[in-house]
Amino acid sequence: MAFLGFLKRSGRTGRGSLQTSITSINIRLGGDIHSLAGRDVGETFDIDIPFKNKIGSGLLPSDLKGPDVTVSGITVDKPFELLEVRPSVPFSVPYMSEERFSLKIRSPKGSYNGPLLVRFETGSEDSIDVSIARIMLRRGGKRVELEGSTSSMNVRKGQVFRRDIQLYKVLSFGDRISRIEVSRPFELVSTDPGTPFAVDVKDSCVMKIFIKCPDFGYAGELEIAFK
């Protein structure tokens, strides 16, 4: 996902010399925080936050569509008060689409100088947790672990993800592969290069492999077999 932010000032009413100075606007999504510049604001003010769904962008081939993302809730931390969100949430943002969320916020009652934290919550009943303890590569009786393959993902059921594999981890120059299989409950979607293929590059041979997640939460090992 990507965030950009635009803050609009509303007029002060009945606040006298009280002042709200926002030092930064921090937008939290999961474990990520996107920071925007702050400014002085009035008793109420608006923030426009374009939210772009880029899950899988740059990883998936053009013929594979990434998942929609549901913004299930938006909140602001005290001492600020969220008055209105447009469009109302929950709101689904299609893959590679952008939606501009407009937030109307009330400033603290007393003078304030500090950050504003806006929290975006995403998720739906279609979301699952997939935890891959390790990815094992197998060729006949040879079985090796793919380095750095441990990962945890919160994804939609059946979402496709990509892994890049240095084939010389398990194959040798001249090996010919007729098919590739992945262990259940995962499913193989496609590979680049596709099968059948021969390992005919001496220095490095990297394969892009696209794998479909199960329709339920999973924790364990993923094996990729070359045959």
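Every heavy atom of this structure was used, including side-chain atoms; hydrogens, water molecules and symmetry mates were not.
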If you count the non-hydrogen atoms of other residues, nucleotides and ligands that lie under 6.0 Å from NZ in K169, is the total more than 12?
->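 No, the 6.0 Å shell around NZ holds no more than 12 heavy atoms from other groups.
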Count the heavy atoms belonging to other residues, nucleotides or ligands that lie under 6.0 Å from CZ of R176, then report whether that count exceeds 12.
->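 No, the 6.0 Å shell around CZ holds no more than 12 heavy atoms from other groups.
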Do [X] and [Y] belong together in a cluster built from hydrophobic side chains that touch within less than 4.5 Å?
| X | Y | answer |
| --- | --- | --- |
| V201 | I177 | no |
| V144 | V182 | yes |
| M136 | L188 | no |
| L137 | F173 | yes |
| L117 | L82 | no |

On the 0 to 90° scale, with breaks at 30° and 60°, tag the F101-F51 ring pair as parallel, tilted or perpendicular.
->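 It falls in the perpendicular class, over 60°.
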Taking the side chain as C-beta and beyond, is there a heavy-atom pair between [X] and [Y] under 4.5 Å?
| X | Y | value |
| --- | --- | --- |
| S107 | F45 | yes |
| L222 | S183 | yes |
| T20 | P108 | yes |
| L116 | V41 | no |
| K109 | P79 | no |
| F120 | V69 | no |

Closest heavy-atom pair and its distance - [X], [Y]:
| X | Y | result |
| --- | --- | --- |
| S178 | P196 | CA-CB, 4.1 Å |
| P90 | T70 | CB-CG2, 4.0 Å |
| R179 | T195 | CA-CG2, 4.1 Å |

Run the numbers on F80 and V118 for side chain to side chain contact (heavy atoms under 4.5 Å, CB included), then give the verdict.
-> CA-CA 10 Å; F80 294 91; V118 181; over 6 Å; no
Going through the checks in order, is the side chain to side chain contact (heavy atoms under 4.5 Å, CB included) test met by D175 and F226?
-> CA-CA 10 Å; D175 281 354; F226 299 83; over 6 Å; no
Between [X] and [Y], does at least one N-O distance fall below 4.0 Å, as a salt bridge requires?
| X | Y | result |
| --- | --- | --- |
| E187 | R184 | yes |
| R138 | E221 | no |
| E84 | K104 | no |
| D164 | K208 | no |

Can you list the steps and then say if V130 with Q159 is a side chain to side chain contact (heavy atoms under 4.5 Å, CB included)?
-> CA-CA 11 Å; V130 175; Q159 180 175 329; over 6 Å; no
Just do the side chain to side chain contact (heavy atoms under 4.5 Å, CB included) check on N53 and S97 with the steps written out, would you?
-> CA-CA 6 Å; N53 174 11; S97 295; 5.8 Å; no
